[in-house]
Amino acid sequence: MKKRMKKQYIPVIVVCGLILLLTVIGLGAQVVMKYIPTREHMDLTEYYGTAQEGEAIVVLGTDIMEERAQISGDQLYLPLNLVNTYLNQRYYWDAANQQILYATPSELQYYPASGNGDSDVWLKDGNVYLSLPFVQKYTDLDVYMSENPSRVAIQYQFSDVNTVQAEKDTYVRYRGGIKSPVLTEVKKGDTLIYMEGLEEWAQVATMDGYVGYVWKTDISEPSVTEFSRDFQKEEYTYLTSEEPVNLSWHQVTTQEANAYFADATANVSGVNVISPTWFYLQDTAGNIADISSAEYVNAAHEKGMQVWGLIDNFTADVSTTETLSQLSSRQNIISQLMAAAQNVGLDGINVDFETLSEDAGPHFLEFLRELSIECHKNNLVLSVDNPVPEDFTSHYDRREQGQVVDYVIIMGYDEHYVGSTEAGSVASLPWVEKGVQDTLAEVPAERTILAIPFYTRLWKTTGGALTSEAIGMDQAQQVITENNVQTVWDGSVGQNYGTYETQDSTYEIWLEDAQSIAEKVKLIPKYELAGVAQWKLGFENSSIWQVISENLQ
């Protein structure tokens with residue numbers, strides 16, 4: 001009986017043993033599979049999106065763009081908007097003449113559009129595209145072409161790039177995890193753009209357009225890299241002064257007023273540039289008024305002053321946008337300025353185009369590029385006046401201005417202006433200093449000039465209604481004296497402040513005087529700026545010139 005029962009138990013034990021073994025093998029396989037990285041590759045169409053026939057996906061740096069490139073034959077074309085926004089903003093579409101203009105430092109180039117995709121510029125379905133070789137002619141790029149799907153990866157940033165090196169052959173995965181599908185393989189020694197570090201993984205981008213994740217243990221520590229480049233382009237040169245610029249604007253409104261130059265400058269000292277308001281737009285065809293005077297220029301030269309003729313856009317019924325958006329109008333303005341400069345012996349041109357609308361921005365920049373070419377051919381200094389940087393004036397693009405003009409001038413005034421809803425300083429010191437700092441984020445200090453006001457505003461509040469008038473330094477002191485005003489230095493604004501009342505009104509004034517002007521001028525050596533400018537000649541008192549000269553050094 002015992003033997004028979006023992007024989008019956010043996011199959012049961014074997015079966016249980018087999019079951020246990022299979023369970024252990026299964027569990028072991030699951031454990032092993034859990035920790036074995038997958039080598040499955042991701043479907044790149046799912047990753048990049050779909051490219052239609054005749055299109056290519058564009059990867060710029062570490063970003064997959066929504067806009068598509070176009071393909072014609074064996075040539076790839078990039079959308080103009082994409083090129084302007086990310087790669088090179090100097091390709092200017094001249095819609096009236098159906099051509100791209102490109103202003104180099106020395107000449108204006110013309111590239112007519114074709115409707116067939118067989119030239120540098122392709123006008124297709126109302127959209128402008130630039131051939132890749134045309135973009136590469138003026139723009140430093142590295143380009144990687146791939147198929148399935150059709151795509152182009154473009155690297156265009158080569159300075160201060162965070163990079164890592166692959167320390168072994170490894171994979172770039174779609175997500176941070178060993179089970180995430182593989183995007184591509186990288187070899188030991190390959191350079192990757194470092195984007196973000198996680199606990200065990202790092203987000204990176206390959207040069208040929210993959211953005212994904214690698215194990216941190218497979219890469220080096222991040223470092224900042226400067227890529228060596230062979231790309232050569234024509235560089236701008238600048239006409240600048242070795243000594244600090246001390247510029248004063250002279251408001252001249254008639255030809256006859258030029259005769260008063262000697263009287264206007266009788267007590268002036270230290271000024272080495274004078275800028276008379278001689279030119280302004282007359283119509284959208286680019287015709288300008290010209291009241292320049294050779295006699296004025298000769299008299300200024302005798303006093304050791306350069307003359308930079310000013311052109312403004314203050315004519316109310318002439319649209320600056322419409323004027324500057326036309327090649328013929330821009331060239332008309334420029335040719336007239338160059339003729340006037342030659343006729344009277346100007347040393348420079350000062351552009352004072354204010355209250356520009358956002359849509360005028362690209363046309364204004366193109367005007368400056370084209371004007372820069374002709375100014376430098378004629379040995380004329382080109383300067384441009386800008387408001388203190390604010391979000392709503394970003395389209396002035398001071399960075400681009402600073403590339404193409406000799407001097408960028410900060411108009412450090414009109415913090416409070418006629419029409420302001422509250423009384424306040426024309427140019428408080430903290431406000432002016434912030435304007436300097438914000439400008440220097442875009443423009444080299446050695447070509448930045450700070451303009452300061454010689455005027456102040458006398459604010460009047462009557463029955464809740466606020467008005468103001470601009471008055472010069474001597475007139476402001478007269479108001480203080482006649483009304484027995486006790487002014488107090490307000491360190492928070494860097495000015496003397498006074499207030500007084502009449503029977504029905506309250507008056508306030510933040511003075512521009514020797515003390516406030518000194519504090520503003522001190523910003524110039526502090527930030528190593530190119531110099532100072534003043535608006536305007538005639539609003540000063542005679543002692544202010546020494547204050548400027550002493551603090552300018």
Inspect the contact between E400 and R369 and indicate whether a charged nitrogen and a carboxylate oxygen are less than 4.0 angstrom apart.
yes
Rounded to the nearest 0.5 angstrom, the CG-CD1 distance for D63 and I154 is 12.0 Å
Does any N or O in the side chain of N258 come within less than 3.5 Å of the main-chain N or O of Q255, such that one atom is a donor and the other an acceptor?
yes
Check whether the side chains of T104 and R90 place a donor and an acceptor atom closer than 3.5 Å, and report yes or no.
no
Measuring from K434:NZ to L429:CG, what's the distance to the nearest 0.5 Å?
14.0 Å
Can you give me the closest heavy-atom contact between N378 and E374, atom names plus distance?
ND2-O, 2.7 Å
Looking only at atom types and distance, does a side-chain atom of Y396 sit under 3.5 Å from a main-chain N or O of L356, one as donor and one as acceptor?
yes
I'd like to know if the side chain of Q326 pairs up with that of T284 as donor and acceptor (distance under 3.5 Å, no hydrogens or angles considered).
no
Drop me the distance from W459's CH2 to E469's CD, to the nearest 0.5 angstrom.
11.5 Å
Taking the six-membered ring of Y238 (Phe, Tyr or Trp), confirm whether the NZ or CZ of R447 is under 6.0 Å from its centre and within 45° of its axis.
yes
Counting N and O atoms only, with roles assigned by atom type, does the side chain of R330 sit under 3.5 Å from a partner on the main chain of L368, one being a donor and the other an acceptor?
no
Side-chain donor-acceptor pair present, N350, S383, cut-off under 3.5 Å
yes
Sub-3.5 Å donor-acceptor pair from the side chain of E433 to the main-chain atoms of L523, do we have one?
no
Residue pair N541 / Q477, side-chain donor-acceptor N/O under 3.5 Å
no
Pairs satisfying salt bridge (Lys or Arg N to Asp or Glu O under 4.0 Å), at least one member in residues 345-358, at least two apart
none
Just by distance, with hydrogens left out, do N246 and Q534 show a side-chain donor and acceptor under 3.5 Å apart?
yes
